[in-house]
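What follows is a set of notes on a single structure, which appears directly below.
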Number of protein chains: 2
Amino acid sequence: MARRRSTDTKPASIKDVAALAGVSVPTVSRYLNDRGVSDEKRTRIARAIDMLGYRPNPIAQALVNERTSMIAVMCADITLFGQAQTYKGIEQRAHGGGYSPDVFVLGGRDVAHEVRSCLDRNPAGLILMNFDPECADVLDLVPHDLPTAVIAGNRDERFAQISLAEDDGGYRITRHLLELGHRSVQYIGIPGGVGSYSRMAGWQRACREAGIVAPDPIACTWRPQDARAIGRRLADDPAVTAVFAGNDETAMGVIRGLRDGGRRVPDDVSVVGFDDHPLASIWDPAITTIRQDFHRAGAAAFDAVTGIIADLGEGRVDSRTQLVEVPGELVIRQSSGPAAR
Amino acid sequence: MARRRSTDTKPASIKDVAALAGVSVPTVSRYLNDRGVSDEKRTRIARAIDMLGYRPNPIAQALVNERTSMIAVMCADITLFGQAQTYKGIEQRAHGGGYSPDVFVLGGRDVAHEVRSCLDRNPAGLILMNFDPECADVLDLVPHDLPTAVIAGNRDERFAQISLAEDDGGYRITRHLLELGHRSVQYIGIPGGVGSYSRMAGWQRACREAGIVAPDPIACTWRPQDARAIGRRLADDPAVTAVFAGNDETAMGVIRGLRDGGRRVPDDVSVVGFDDHPLASIWDPAITTIRQDFHRAGAAAFDAVTGIIADLGEGRVDSRTQLVEVPGELVIRQSSGPAAR
């Protein structure tokens, strides 16, 4: 009994079953759904199903559709400004198209377990926001053939990647401070912001180029209160005249702490941030920063993944490891000024 | 030919098919996956499948599992502080349990279309963050039997609801200002914050009780810059000595605008906010606010939905329309002070 399915490229449809059994499509459907069909027709349908190798595909199809429409978006913490904005960029780009993003928050959990839960859902592609250390581990856990785009982090040649050119941003904002006459720039790091493509690496490069020994970076948490405590400590050190905070919220905390300690910003100490948080421009003083285009990075990642999916459909593979740059923009406001004489 | 499935409660399993056909389970599996099985065995398996009314359930099962493990979380904008925090509360509560939350962002789109897309995914339950006007429309679009919990918004007796008791919070923070001697309190509203359970309703009630005619509320967007422009305008009105801003970010903008216009906070004008944003305590001056426990609200909503699912499984329905209160807490800081003489 030759099964058509093994020779034809197209699997047998419910229509084929109905035609071979000499019954209507609704009758086959009733049979498949265990509803009343005469014994005689049931025998004919069962035989047709067997001969054609037919499988009740509405269910399988639903799963297949599921598989091809979901783009998994992984990040460490969706409540952080940059990650929320990036997700919004992905969401807006996806809107109305054939793919819908689904967010998976790692949040300091067992990464391997979270990745498995995600893959169990059969995503058509993956966007990884590689802003936090645990996220980098994800890349060793995803199958090689899953269309993937990585946002930020160090360059990983195995994947398509959207770079925010943070090292360049860190370099430019440090240069800005040095050009104002500051002889040293203190860096306050946010969690995970290390590696050669980080804002910290740009700071180090600018210091090196200027022949300055970069002071040890100070590590901070995501909590603005902790940044405030650091600002209070820095207020006691008269050598500190310029601070580059790893993000704007950290800058806000540092400014408050410096003020607690009796230092004026920018008159005594310049403080700059990174990201251009919506509150950075209304802070007092308004914060000099690098405006990062998280929206555009999210949209670019979505385009990259759906591009890879389309390319694979046409047998091309060129897009899999592309690099797209979405560089930030230096925005000079009131929190940075000339070094005090 | 009597089909076992129509009389038994339990559908036939692959084991039943293997036993009846006199083959091993892996052989049935190979048959179902179109891999090499001898013609003779195939005929026996096909007959057993037909007699038992067996349906290749691994696929169906996957769909069924999908249906019962996903809790849809709908909100208007996941990048806003309250919504992001609420999602985090849901996420953390769900972690490690049998249900996983999936966020659906309405974002000013065709709500009916978004709800359909969500329902197509067969969620086991729904959590709706009812902070924005478009969200209320969702409730008329979800099936009556879908386990649902609503966070915030006006009381809807059809559903389980987590109230943040915003009206109570609005009342208390307005009372705080009136007790400081202010004769009037200006309210600046955030988008959608209307209705009898809103912070604005609490402000109106406190004014009414104090025998004060509440001034017309001023509508603001989510953009802190717009709040700053409102602050600048208010700076020109010497009658304004106390402002209740609809959330902390709005309060920050208003404070900055008042300062632009030469007014000191709180010496000339007291400004209070709502939510207890992480930056509220490090703002200068630190902002008096109502601390909302979004995390707890999210966790309570998750508990409510999974409770309804469990209750339905046991034939109970009591939990479907429960009301849980997660009231806020008045946090007095430096942005509010006695009315100037």
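Computed from a predicted structure; not experimentally measured. So that the names make sense, note that chain A is the first sequence line, chain B the second, and so on, each numbered from 1.
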Exercise. Looking only at non-hydrogen atoms, find the nearest pair between Leu279(B) and Pro224(A) and report the distance.
Key: CD2-CG, 3.7 Å

Quiz prompt | Which residues share a side-chain hydrogen bond (donor to acceptor under 3.5 Å, both in side chains) with Ser100(A), sequence neighbours left out | solution = none

Practice problem: Sort out for me which of Met252(B), Arg228(B), His95(B), Gln225(B) touches chain A most, counting heavy-atom pairs under 4.5 Å. | Solution: His95(B)

Quiz prompt | Atom pair CG (Asp50(B)) and CD1 (Ile45(A)), whose distance is rounded to the nearest 0.5 Å | solution = 9.5 Å

Quiz item: Taking only residues two or more places apart in sequence or in another chain, which ones pass side chain to side chain contact (heavy atoms under 4.5 Å, CB included) with Arg263(A)?
Solution: Ala235(A), Val240(A), Leu258(A), Asp268(A), Val269(A)

Quiz prompt | Part of Trp283(A) lying under 4.5 Å from any heavy atom of chain B | solution = both

Quiz item: Between Arg223(A) and chain B, which part of the residue has a heavy atom less than 4.5 Å away: side chain, backbone, both or neither?
Solution: neither

Quiz item: Taking every heavy-atom pair that is under 4.5 Å apart, which of Glu114(A), Arg259(A), Arg256(A) has the most such pairs with chain B?
Solution: Arg256(A)

Quiz prompt | chain B interface, residue from Ser281(A), Gly253(A), Gly257(A) that has the most non-hydrogen pairs under 4.5 Å | solution = Ser281(A)

Practice problem: Answer yes or no: is there a side-chain heavy-atom contact under 4.5 Å between Pro278(B) and Glu249(A)? | Solution: no

Quiz item: Should Asp284(B) and Asp284(A) count as side-chain neighbours, where that means a heavy-atom distance under 4.5 Å?
Solution: no

Quiz item: In residues 77-90 of chain B, which residues are in contact with chain A at a heavy-atom separation under 4.5 Å?
Solution: Asp77(B), Ile78(B), Thr79(B), Ala84(B), Gln85(B), Tyr87(B), Lys88(B)

Practice problem: Output all residues satisfying salt bridge (charged side-chain N to carboxylate O under 4.0 Å, His left out) with Glu91(A), sequence neighbours left out; order by chain, then residue number. | Solution: Arg109(B)

